[in-house]
Structure formats: structure tokens, C-alpha cells
Amino acid sequence: MADSKREIERKYEATAETRLPELSRVAGVSAVAHRGVSELDAVYYDTEDLRLVAGSLTLRRRTGGSDAGWHLKFPVASGIRDEFQEPLSDTLPRSLAGLLRSRVRDGELVPVVRLRTVRDVHHLLDAEGALLAEVSIDTVRAERLTGGSGTAAWTEIEVELADDGDPAFLDAVERRLRKAGVHPSASPSKLARALAETAPERKRDKGARAKTGQPTAGEHVLAYIRHQTEAIVALDPAVRRDLPDSVHQMRVATRRLRSALRTYRKILDRSVTDPVGDELKWLAAELGIDRDQEVLDARLRSGLADLPRTLILGPVRNRLRIWSVARRGGSRRRTVAVLDGKRYLALLESLDALLAAPPLLPAASHAPEQALPRAVLKEYERLATRVGHALELQPGHDRDLAMHDARKAAKRARYAAEAARPALGKPAKRIANRMKAVQTLLGDHQDSVVARDALRTLAVQAHAAGEPAFTWGLLYGREESAAAARERELPQVWERASQPRVRAALEG
């Protein structure tokens with residue numbers, strides 16, 4: 001993986017005549033050291049249709065200065081980006097190409113803008129001579145390389161916080177700059193400004209008219225599908241970087257997307273969406289291999305930690321660790337291989353195609369208040385049927401399966417309500433919250449079922465190795481008791497979730 005750092009900086013408007021105010025008066029600054037002037041030459045790359053720009057990413061190859069090389073930046077928040085660097089080379093390094101794969105896919109990266117910058121650098125130092133922030137006055141000349149031949153020039157001030165610095169320090173610097181008449185830049189980055197100021201003039205379409213009226217049911221559903229698709233694409237680099245919770249969040253976006261395609265079949269033609277849904281099911285399953293084992297490991301470790309030491313007989317912790325490593329071995333490599341595979345990229349292309357030419361049915365033109373509640377209530381009725389069936393069964397294997405089916409229905413009903421919430425407001429939010437409560441209870445029950453299967457396997461392995469199986473049996477009993485408690489709670493949770501007024505509010 002490429003070297004990375006978190007970049008926290010702010011940009012300010014300036015002119016060729018702008019001079020820095022006395023920044024040594026900023027609280028905490030003991031000295032301002034001039035570090036000289038350097039010349040930077042950077043070429044920014046993107047696809048022809050500027051997919052990286054659309055995601056607020058920047059990719060450049062820069063010469064000059066102390067950090068010449070390839071730089072890839074991902075947005076984190078306003079003024080904050082994660083930057084990945086690789087040494088200078090003629091072609092894009094593989095590590096950076098992988099982080100861009102979900103956006104670029106099989107497309108070609110081409111030079112879009114060249115920026116030549118004369119940078120005058122100053123360091124703000126504390127009493128011990130440590131760097132607090134770097135302040136530079138940048139004189140920039142921009143040249144468009146794709147989609148036109150425009151040029152632009154401007155001057156700006158850039159203030160970048162030192163590594164591990166306190167962001168509040170930038171507020172103090174900004175107050176001093178504002179007193180001197182220097183104000184924040186309207187552009188989030190040099191690239192954004194260069195593209196805006198070198199864009200070719202476009203003739204206005206005289207025949208175009210502004211759209212009037214309220215969004216249709218189809219437009220609401222498509223907006224939700226687009227949001228989840230964008231989430232999958234945006235989370236891809238985070239999964240590759242193995243960031244906490246990234247696999248889980250990508251899996252959730254995948255499931256939400258599949259659920260929307262299944263729920264809103266009266267709005268989108270299922271002959272088109274069903275094949276896409278099948279591929280989303282495949283992706284969610286692949287992402288779940290490591291995630292499910294992670295959840296199971298955490299549950300077993302937690303159960304073991306709750307036991308008194310006197311009840312832990314034999315090498316229980318070592319066996320659990322060995323078992324977990326064996327099951328999770330290679331899972332991350334497999335996940336990255338899936339993201340690099342043709343099937344995954346084909347799925348992303350299918351989603352783009354669906355959004356570009358949505359297979360809308362007649363109901364898509366109806367008002368959201370007319371079409372969406374029916375779809376949500378249909379999912380609710382499916383859940384009601386499955387919960388009722390589960391409650392009719394005696395405790396045991398069949399009830400476990402029925403409760404798992406109900407859990408899947410609860411998740412689908414929740415996602416259906418969440419998708420409808422922007423159009424239907426509080427009634428959809430209320431149903432989503434109630435469905436989430438049901439899903440959480442049923443999910444905990446299912447986790448207990450899975451944990452018991454694992455504990456039985458571990459007990460058998462321990463017995464075969466001549467180790468005491470007592471602790472595994474004790475944990476099994478505790479999980480059995482936890483599952484029984486969830487089963488006793490289900491009628492009350494379901495009664496609250498199925499109150500007539502909740503449904504009546506959605507029906508209007």
C-alpha cells in the first residue's frame with residue numbers, strides 16, 4: 001500500500017501584491033521561518049467524463065518540491081483529505097490504480113489539467129522549533145489539456161496543518177488572515193478552480209425548460225438507488241485499505257440496493273432488475289464471509305470473557321484463537337480479489353446502465369404518496385406472516401429457521417421504509433424504527449444460533465484432542481438461554497411494531 005497521510009489545510013484568496021500579515025502574533029507561534037521558493041509542475045489525471053472530479057478525488061503526477069511523485073487524495077471532510085503518495089514513475093503505480101478501480105474500471109486515465117506553481121513557503125514554529133503549520137503563497141498558472149484549451153492564472157494562500165497538529169490552530173491563523181483582509185477561497189482545490197476557469201463556453205439550450213412539479217415515485221426510488229450505488233463505489237477504496245467497518249458498510253449498501261430493487265417492482269421492471277439483484281446477492285455474500293466470522297469471533301470472545309476463571313477448563317482461549325485464524329485465513333485477500341474481478345466491475349457497469357436508462361413502469365409516474373406506501377406495507381405484511389408463523393412453532397430447529405426468515409423480512413421492511421422516508425416523512429421513519437427493533441431482536445437470536453453451532457464444533461474438537469469440553473458446553477448453555485430470552489421478548493416487541501396507528505399513519 002502507498003504511503004499515506006491526513007492532509008488538513010485551508011485555502012485563501014490572494015493577489016500578486018498580497019503579503020502575509022505578522023503571523024508570529026498568532027497564539028502558540030514563536031517564529032516564522034522562510035523556507036524559500038520552489039517551482040512545482042503537476043499534471044492532473046481523470047477519465048474523459050471526469051469521474052474522479054465527480055467524487056471529489058484528485059490524482060496528480062508532480063515534479064519539483066520535496067514530495068515529487070504521484071499523489072491521490074480522497075475527501076474526508078471540508079478541508080480534510082487522505083493523501084496517498086508513490087514515488088515518481090512514468091505510469092500510474094498499481095497501488096493507486098487499485099484504489100481508483102471502482103470509479104475508473106476499464107476506462108482510461110488521461111491528463112486533464114496542468115498546473116505550474118511558484119510556491120513561496122513559510123513555516124510557523126512553536127517555542128521548541130517544532131512545525132505547527134506550513135503557509136505558502138502560490139502563484140498558479142493552469143492549462144486545460146482535455147475538453148478544451150483554456151488557461152487561467154491566480155494567486156492563493158494555502159495553510160496546511162503539521163502532522164498530528166490541533167485543527168483549532170488553523171482557526172487562530174485564519175482570524176489573523178481575516179484581520180489583514182485575506183478571505184477563504186471559494187474553490188475547494190486548485191483542480192476544481194482550474195477546471196471551472198478553463199471550461200469552454202457552452203451554448204445554452206434555448207429549448208430547455210426548467211422542470212416543474214413534485215418528484216414522482218420513480219424519481220424517489222431512483223434517487224435512493226443512486227445513493228446506494230454511490231456508497232458502494234465510495235466504500236471500495238476503504239475496503240481495500242482495510243478501514244474499520246468498511247466491509248460491513250459496503251455490505252449494507254449492497255443489501256439496501258438489492259432490497260429496493262425487489263420492493264419496488266411495481267416501479268422498476270423486474271425483468272431488468274432481477275439479474276442485477278442476483279449479482280448484488282452474490283456480492284453481499286462475498287463481503288459477508290469475513291464479516292460474519294468477525295461477528296462470531298467477537299461474540300464467542302465476549303462470552304468467554306464473562307466467565308469466571310474457575311470455569312475455564314483447558315486451553316480454551318488458544319483453541320478459539322486457532323479456530324478463528326483458520327476460518328479467517330485469506331478472507332481479506334479473497335475480498336480484494338472479488339473487487340478486482342470482472343464480475344464485480346460488470347455489476348457496477350450494470351448499475352450505471354440501470355440509472356442511465358431506468359426501466360420505469362407506469363406506476364413510476366404516480367405521486368410518491370400513492371405508490372410508495374403500498375410497497376412498504378407489502379413488505380410489512382410479509383414480515384407479519386413470518387413472525388406469526390415463528391410464534392406458532394415450538395422452540396427448536398424449525399422455530400430457529402422461521403425466526404431467521406422473519407429477520408430477513410424485517411430487514412427488507414426496514415430498508416423499504418428507509419427508502420420511502422424522503423418522500424413520506426415521519427410515518428416511514430416510524431415504521432423503519434419499529435422494523436429495526438424487530439430486526440435487532442431477531443438478529444441477536446440468529447447470532448446465538450450460529451454461535452451454538454460453532455461452540456458444538458469446538459467442543460467436539462476439544463474432546464477429540466483429549467481436552468475438557470466443559471467450558472464449551474457451558475457457553476453453549478448460555479447461548480441457548482439467550483436465544484430463549486429473545487423468543488420470549490418477540491411477542492412484546494412485535495406488538496409494539498405492529499400497532500395499528502403505525503400502519504394507519506403510512507396509509508394516510
Side-chain angles (χ1 to χ4, degrees), residues 242 244-245 247-248 251-252 255 284-335 386-387 389-391 393-408 410-411 437-493:
D242 200 22
D245 206 36
V247 172
H248 173 59
R251 188 187 189 192
V252 168
R255 284 177 162 175
E286 290 289 348
L287 293 171
I289 292 174
D290 189 45
R291 172 63 181 175
D292 289 345
Q293 185 61 34
E294 180 184 12
V295 171
L296 177 57
D297 289 351
R299 189 177 185 98
L300 297 183
R301 286 196 302 270
S302 176
L304 190 57
D306 289 341
L307 289 180
R309 296 180 64 181
T310 55
L311 298 181
I312 300 176
L313 305 183
V316 175
R317 289 190 174 85
N318 284 341
R319 176 161 295 282
L320 179 58
R321 182 169 56 252
I322 293 170
W323 176 81
S324 176
V325 169
R327 288 173 64 92
R328 297 190 70 181
S331 60
R332 171 162 167 73
R333 290 191 298 274
R334 175 169 177 166
T335 299
R386 293 189 182 183
V387 170
H389 175 61
L391 291 176
L393 298 173
Q394 293 298 315
H397 179 69
D398 289 344
R399 177 181 263 196
D400 289 344
L401 292 178
M403 291 186 70
H404 183 43
D405 286 342
R407 177 201 184 192
K408 291 186 285 187
K411 187 179 297 183
V438 177
Q439 176 194 336
T440 299
L441 182 145
L442 293 171
D444 190 61
H445 181 274
Q446 176 61 17
D447 288 346
S448 179
V449 172
V450 174
R452 277 180 279 158
D453 286 344
L455 288 166
R456 185 181 184 280
T457 298
L458 286 161
V460 170
Q461 292 176 354
H463 179 75
E467 301 166 5
F470 171 82
T471 303
W472 303 115
L474 181 59
L475 290 172
Y476 186 100
R478 289 194 168 197
E479 287 291 355
E480 199 170 42
S481 177
R486 300 293 86 75
E487 292 177 27
R488 290 193 299 270
E489 293 169 10
L490 179 57
Q492 181 180 359
V493 173

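None of the values given here were measured: they were computed from a predicted structure.
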Show your working on side chain to side chain contact (heavy atoms under 4.5 Å, CB included) between D400 and E487 and close with a plain yes or no.
CA-CA 10 Å; D400 289 344; E487 292 177 27; 3.9 Å; yes
Applying side chain to side chain contact (heavy atoms under 4.5 Å, CB included) to E489 and L441, what does each step give before you reach the verdict?
CA-CA 8 Å; E489 293 169 10; L441 182 145; 3.6 Å; yes
Tell me, with the steps shown, if F470 and L311 meet side chain to side chain contact (heavy atoms under 4.5 Å, CB included).
CA-CA 8 Å; F470 171 82; L311 298 181; 4.1 Å; yes
What verdict does the side chain to side chain contact (heavy atoms under 4.5 Å, CB included) test give for Q446 and V450, after you've listed the backbone C-alpha separation in whole Å, the side-chain angles of each residue and the deciding distance to 0.1 Å?
CA-CA 6 Å; Q446 176 61 17; V450 174; 3.6 Å; yes
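Among all heavy-atom pairs drawn from A462 and R319, the shortest one is CA-NE, 3.9 Å. Residue W323 comes nearest to Q293 through the heavy atom pair CZ3-NE2, 3.5 Å, listed as atom of the first residue, atom of the second, then distance. Closest approach of A469 and A459 over heavy atoms only: CB-O, 4.0 Å. Nearest heavy-atom pair, L296 versus A451, reported as atom, atom and distance to 0.1 Å: CD1-CA, 3.7 Å. Taking both residues in full, the closest heavy atoms of A454 and L300 are given as CB-CD1, 4.3 Å, listed atom of the first, atom of the second, then distance.
Ion pairing between D292 and R327 fails under the 4.0 Å rule for side-chain N and carboxylate O. A salt bridge links D405 and K408; the closest N-O separation between the charged side-chain nitrogens and carboxylate oxygens is under 4.0 Å.
When the options R334, R291, R251 are evaluated for a salt bridge (charged side-chain N to carboxylate O under 4.0 Å, His left out) with E286, the one that passes is R334.
Side chain of R399 to backbone of A390: a donor-acceptor contact under 3.5 angstrom is found. Side chain of T457 to main chain of D453: a donor-acceptor pair is present (N/O by atom type, distance under 3.5 Å, no hydrogens or angles).
The closest side-chain heavy-atom distance from L442 to K411 is not below 4.5 Å. Counting heavy atoms from C-beta outward, H389 and L393 have side chains that approach closer than 4.5 Å.
Taking CG of L458 as the reference point, atom CG of L320 lies at 6.5 Å (rounded to 0.5 Å). From E480, atom CD reaches atom CG of L475 across 12.5 Å, with rounding to the nearest 0.5 Å. Remark: M403 CE to R407 CZ distance equals 11.0 Å, nearest 0.5 Å. With rounding to the nearest 0.5 Å, the separation of CG in D297 from CZ in R321 is 12.0 Å. The distance from atom CD of E479 to atom NE2 of H445, rounded to the nearest 0.5 Å, is 10.5 Å. Put simply, CG on L313 and OG1 on T471 are 4.5 Å apart, with the number rounded to the nearest 0.5 Å.
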